[in-house]
Amino acid sequence: MNLSEQLVATSMPQHVAIIMDGNGRWAKKKGKIRTFGHRAGVKAVKASVSFALKNGVKALTLFAFSSENWNRPAEEVGVLMELFNMVLGSEVKKLHKNNVRLKIIGDTSRFDKKLVNRIREAEALTATNDSLVLNIAANYGGRWDIVNATKSLIAQVQSGQLDMADIDEEVFTQNTCTADFPAVDLLIRTGGEYRISNFLLWQIAYAELYFIEEFWPDFDEACFQLAVSAFNERQRRFGKTSEQVS
Ligand code: FPP
């Protein structure tokens with residue numbers, strides 16, 4: 001069976017989230033500075049988007065910059081911002097042509113004006129595309145998302161738009177950054193660390209977790225396929241017994 005035939009025989013996760021880790025270590029192993037790894041990571045981002053598009057993944061959420069990443073050396077933060085700017089400039093037309101909707105999730109208020117404008121333009125241009133939603137989590141934190149959703153619900157209750165008795169998990173979800181998307185089915189983390197690092201906390205309640213040793217710049221379509229194959233071997237029980245779901 002070739003790669004495409006294997007994938008037809010599998011069920012594709014609808015929403016895949018990725019913690020792209022290991023850029024710095026990848027660069028260090030090659031005797032280069034950390035930012036060399038971030039630049040190399042762009043290729044892996046493109047490979048992931050291409051795989052998701054070809055295989056019918058409906059939402060792909062990438063952790064590009066956490067709320068805590070501001071604490072890195074200023075030069076590294078600067079290169080990351082420059083990379084986001086550059087990629088937005090060079091890739092948006094291609095994404096649009098491929099019917100991809102681009103969304104930046106996170107607190108963009110701390111980004112410079114030029115970057116925020118580019119983000120808004122890219123989101124507006126691609127707003128009605130529906131082959132794939134590409135969420136880039138930038139200055140994002142899972143706890144921040146939950147606090148924000150809570151504040152938004154309180155404001156709606158205070159203004160009389162919402163009855164507190166009507167708040168349930170669905171309503172809460174509708175107030176998070178990923179309101180319009182299905183819950184995460186598969187969470188991948190590269191770089192050999194086994195933690196969530198304040199990524200999508202609410203959204204991964206029933207995600208299958210997949211950790212690999214490869215550093216992010218080495219992640220390619222074959223790695224993505226292995227993750228999907230592992231996902232297909234899992235029995236997702238959502239709290240039921242295996243007899244009930246088989
Ligand atoms: C984690 O590796 C990676 C990041 C904090 C940044 C990810 C950014 C990119 C791949 C660049 C482009 C992305 C987009 C979406 C345009 P690390 O630096 O924490 O690696 P380490 O654990 O080896 O130090």
Side-chain angles (χ1 to χ4, degrees), residues 16-53 57 59-96 98 100-108 110-112 114-116 118-119 121-123 126 132-142 144 177-178 187-200 211-221 223-224:
V16 179
I18 308 183
I19 301 176
M20 312 183 285
D21 195 17
N23 291 350
R25 282 168 287 157
W26 182 90
K28 198 170 167 201
K29 223 174 80 184
K30 293 187 157 5
K32 309 271 189 189
I33 54 168
R34 294 178 52 80
T35 50
F36 183 75
H38 295 316
R39 294 183 198 279
V42 175
K43 186 164 156 247
V45 170
K46 290 184 190 171
S48 311
V49 173
S50 166
F51 179 93
L53 255 177
V57 172
L60 178 66
T61 303
L62 304 177
F63 205 6
F65 194 85
S66 75
S67 330
E68 293 76 28
N69 285 152
W70 293 110
N71 299 323
R72 292 190 173 197
E75 194 220 327
E76 183 170 342
V77 172
V79 168
L80 281 168
M81 294 301 143
E82 178 202 314
L83 268 183
F84 300 149
N85 235 319
M86 191 193 84
V87 173
L88 276 172
S90 66
E91 299 301 316
V92 168
K93 277 199 186 119
K94 235 180 284 167
L95 291 174
H96 186 45
N98 282 293
V100 178
R101 176 176 164 204
L102 181 70
K103 233 186 141 236
I104 308 299
I105 60 169
D107 181 5
T108 51
R110 213 172 144 181
F111 294 142
D112 81 38
K114 195 172 135 215
L115 181 55
V116 174
R118 271 222 157 128
I119 289 172
E121 278 168 26
E123 287 181 331
T126 62
L132 169 72
V133 180
L134 174 62
N135 291 313
I136 304 291
N139 197 17
Y140 177 87
W144 168 85
C177 281
T178 53
L187 173 80
I188 301 170
R189 180 173 188 146
T190 61
E193 308 283 5
Y194 297 76
R195 53 177 173 260
I196 303 300
S197 300
N198 196 20
F199 195 24
L200 303 158
F211 298 97
I212 53 168
E213 299 301 312
E214 277 85 357
F215 296 137
W216 178 249
D218 291 328
F219 191 84
D220 59 13
E221 295 198 39
C223 295
F224 206 146

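Counting starts at 1 for both ligands and their atoms, following the listed order. Note: hydrogens, waters and symmetry copies are ignored here, and every other heavy atom, side chains too, is used.
Taking 4.0 Å as the cut-off between side-chain N and carboxylate O, R25 and E193 count as a salt-bridged pair. With respect to the salt-bridge test (charged N to carboxylate O, under 4.0 angstrom), the residues E214 and R189 do not qualify.
A heavy-atom separation below 4.0 Å is found between R72 and ligand 1. Residue-ligand proximity: W216 is placed with a non-hydrogen atom under 4.0 Å from ligand 1. G191 does not count as a contact of ligand 1, since none of its heavy atoms falls under 4.0 Å from the ligand. Proximity of I136 to ligand 1 is established by a heavy-atom distance of less than 4.0 Å.
Closest protein heavy atom to atom 24 (O) of ligand 1: R34 NH1, 2.9 Å.
Nearest to atom 22 (O) of ligand 1 by heavy atom, out of D21, V42, L102, I18, is D21. The closest heavy-atom contact to atom 3 (C) of ligand 1, among the options R39, M20, K46, comes from M20.
A search for salt bridge (Lys or Arg N to Asp or Glu O under 4.0 Å) contacts involving K94 returns E91, not counting sequence neighbours.
Using a 4.0 Å cut-off between heavy atoms, N69 contacts ligand 1 through its side chain alone, with no backbone atom that close.
Relative to the six-membered ring of W26, K28 misses at least one condition, a distance below 6.0 Å or an angle of at most 45° to the axis.
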